[in-house]
Amino acid sequence: MWWTWDPFLKEVFRFSLCSRGITLAMQIVFNTLIPDHKADAFSPPHTSPDSTGDHLTEFLLGGLGRWDAEHFLFIAEHGYVYEHNMAFFPLLPLCLTGLANGPLYPLKWMLTLRSRLLVSAALLNCFCFTLAAISLYLLGCVALQSRSSAFLASLLFCMSPASIFMTAAYSESLFALATFIGLWLLEKHMILRGCIFLSLATASRSNGMTNVGFLLHAVVQSLVNGSRNCHRMGRTFLGTFVVILPFALFQYFSYSRFCLASATKNKVPRELVKLAITKEYRLPGAQFPTWCSTYLPMAYSSIQSEYWGVGFLHYFQLRQLPNFLLALPVILLSTRAIWEYFQANPYLCISLGLRTVQLKSSSGYCGHRVFLYVAHITALVVFGVLCMHIQVKKTCIMYRENSKINVH
């Protein structure tokens, strides 16, 4: 029904599908021509392709299973075997397992489980990406109060240089879809429904927790302006609990997996035990990690720090200068957008958007509805530069930058 009255929406649908097709084609070409970088990354043993279908799948989609995609595919196939697997949240592996052992299960006679997982990842992420682009357009229409600006934001989202991560077996597309729909529903004042989608975002990536800021800001703003709607505040706090719940449950699962005596009963295939011994990966029950004995056992932050060196200024090393240069364009682009919004709305920014102000125009990039998104990108930029691997930050900020504030 939308196609009949909104040509922008129809074009976003077409353009997003075309961008996925081009991305897949480029992946095949570059994966064939350019040899893989031999890095000391996670590389579990794979079942050798034993059919024409497996070889064809590896040729067409093999490039989608590199780097962090190895973790997601491994978890979908074997579950959470090693401690460092707990850094990858469960929604994407669950979806991949469901597709591979559900709709694609009849193909088991010609495709191994890994091949079916690769096909599932490509289909799922292309589907989620297309819906994410449409959802972003709908969100932009509400937040920007401008269909043309929302249309441009959706096209930029599809053309992001980080686009390959939205097609590979990464959780970015799933996260973007859940986040955009959730924020759109919040803009429509459908708090609980929006929070259900935002909880799915948290179940796919840890930074889904930052979406809680959209909820809490509304509560604080109401208190500052003297408006105390107890019913709405109650729904907001309930929604906040819903958004945080997947993170808390996953941390409890991590604790029960690696910190309880019952963990020793988990059976691990022999080849995976051999890999753990060779690479010094920690298995359940082998030795309790140090984070198990902390006051508030938090597997995620501890694993990120131990295995990836994530922490405040941990990445500020001379040998990482090329990665900082790689991320510099995104940092500058983000900073420029943030600064221009501040120049257009100094009082709104200084008051943290808590005071109601009369603006000349409420539409477009400088409208008051955009403040929370600018604050969000500001927090991501600062945290990304100071605490994250800078190349990870580049990827994370790139697609959010294109999708939320590059419309300026």
Side-chain angles (χ1 to χ4, degrees), residues 36-50 54 58 62-98 100-101 112-118 120-121 168-171 203-206 247 249-294 297-311 314 388-389 391-392:
D36 291 336
H37 170 61
K38 294 182 179 179
D40 186 22
F42 183 60
S43 183
H46 300 150
T47 303
S48 299
D50 56 4
D54 289 324
E58 184 63 27
L64 304 181
R66 304 290 191 263
W67 299 95
D68 283 358
E70 287 279 19
H71 289 275
F72 287 112
L73 294 172
F74 177 84
I75 295 167
E77 185 173 359
H78 301 286
Y80 287 91
V81 176
Y82 305 124
E83 182 193 24
H84 64 271
N85 293 147
M86 308 307 301
F88 299 89
F89 279 50
L91 185 58
L92 178 62
L94 286 173
C95 292
L96 296 182
T97 302
N101 292 323
T112 61
L113 178 56
R114 176 177 170 81
S115 295
R116 299 202 309 273
L117 288 171
L118 266 177
S120 299
Y170 279 56
S171 56
S204 62
R205 293 184 65 85
S206 63
F247 182 88
L249 290 177
F250 189 58
Q251 297 314 297
Y252 176 76
F253 170 75
S254 303
Y255 181 84
S256 63
R257 180 78 172 162
F258 285 90
C259 301
L260 299 181
S262 58
T264 59
K265 299 178 181 179
N266 294 315
K267 294 183 178 180
V268 179
R270 182 176 300 176
E271 64 273 14
L272 300 184
V273 173
K274 183 178 180 181
L275 178 66
I277 295 173
T278 304
K279 295 290 188 178
E280 298 183 350
Y281 295 151
R282 184 176 286 127
L283 291 167
Q287 182 181 2
F288 291 156
T290 55
W291 55 265
C292 290
S293 57
T294 58
M298 191 73 69
Y300 181 76
S301 56
S302 300
I303 291 171
Q304 286 282 358
S305 177
E306 179 179 351
Y307 289 91
W308 284 275
V310 174
H314 286 186
M388 294 171 61
H389 282 195
Q391 64 266 40
V392 176

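- Here the shortest heavy-atom pairing between C292 and F258 reads SG-O, 3.8 Å.
- Contact check for L275 versus P44: side-chain heavy atoms found under the 4.5 Å cut-off.
- For Y170, the ring pair (Phe, Tyr, Trp, His ring centres under 6.0 Å) criterion is met by F165, not counting sequence neighbours.
- The two residues P93 and A76 come nearest to each other via the heavy atoms O-CB, 3.7 Å.
- Rounding to the nearest 0.5 Å gives a distance of 6.0 Å between CG of L113 and CG of N101.
- Listed by chain and residue number, nothing satisfies the side-chain hydrogen bond (donor to acceptor under 3.5 Å, both in side chains) test with S254 (two or more places apart in sequence, or in another chain).
- Between F250 and Y80, the distance separating the two ring centers is shorter than 6.0 angstrom.
- Heavy-atom minimum distance, C259 versus W291: SG-CZ3, 3.4 Å.
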Go through it in stages, so that I can follow the logic: the residues are Y300 and Q304, the test is side-chain hydrogen bond (donor to acceptor under 3.5 Å, both in side chains), and I'd like the CA-CA distance, side-chain angles, deciding distance and then a yes or no. CA-CA 6 Å; Y300 181 76; Q304 286 282 358; 3.1 Å; yes

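- Taking the six-membered ring for Trp and thresholds of 30 and 60 degrees, F74 and H78 have ring planes inclined between 30 and 60 degrees apart.
- Taking the side chain as every heavy atom from C-beta outward, L92 and S204 never approach each other to under 4.5 Å.
- Residue Y82 comes nearest to A276 through the heavy atom pair CE2-CB, 3.6 Å, listed as atom of the first residue, atom of the second, then distance.
- Going from atom CD1 of I277 over to atom CG of L272 covers 11.5 Å, rounded to the nearest 0.5 Å.
- Of all heavy-atom pairs spanning V81 and N85, the tightest one is N-OD1, 3.5 Å.
- A distance of 7.5 Å separates CD in E77 from OG1 in T112, rounded to the nearest 0.5 Å.
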Could you walk me through whether H84 and K279 pass side chain to side chain contact (heavy atoms under 4.5 Å, CB included), step by step? CA-CA 12 Å; H84 64 271; K279 295 290 188 178; over 6 Å; no

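- E83 places no side-chain N or O within 3.5 Å of a backbone atom of Y281 that could act as its donor or acceptor partner.
- A distance of 10.5 Å separates CZ in R66 from CG in L73, rounded to the nearest 0.5 Å.
- At a threshold of 4.0 Å, the pair E70-R114 counts as salt-bridged, since one of the basic side-chain nitrogens sits closer than that to a carboxylate oxygen.
- Without hydrogens or angle criteria, S293 side chain to T290 main chain gives a donor-acceptor distance under 3.5 Å.
- Counted within 6.0 Å of CZ on F253, heavy atoms from surrounding residues, nucleotides or ligands total more than 12; the atom is thus considered enclosed.
- Note that the OG atom of S171 and the NE2 atom of H71 stand 12.0 Å from one another [nearest 0.5 Å].
- Ring geometry for F88 versus F72: interplanar angle over 60°, hence perpendicular rather than tilted (30 to 60°).
- A heavy-atom distance below 4.5 Å is not found between the side chains of M86 and Y307.
- Taking each heavy atom of A121 and A169 in turn, the nearest pair found is CB-CB, 3.7 Å.
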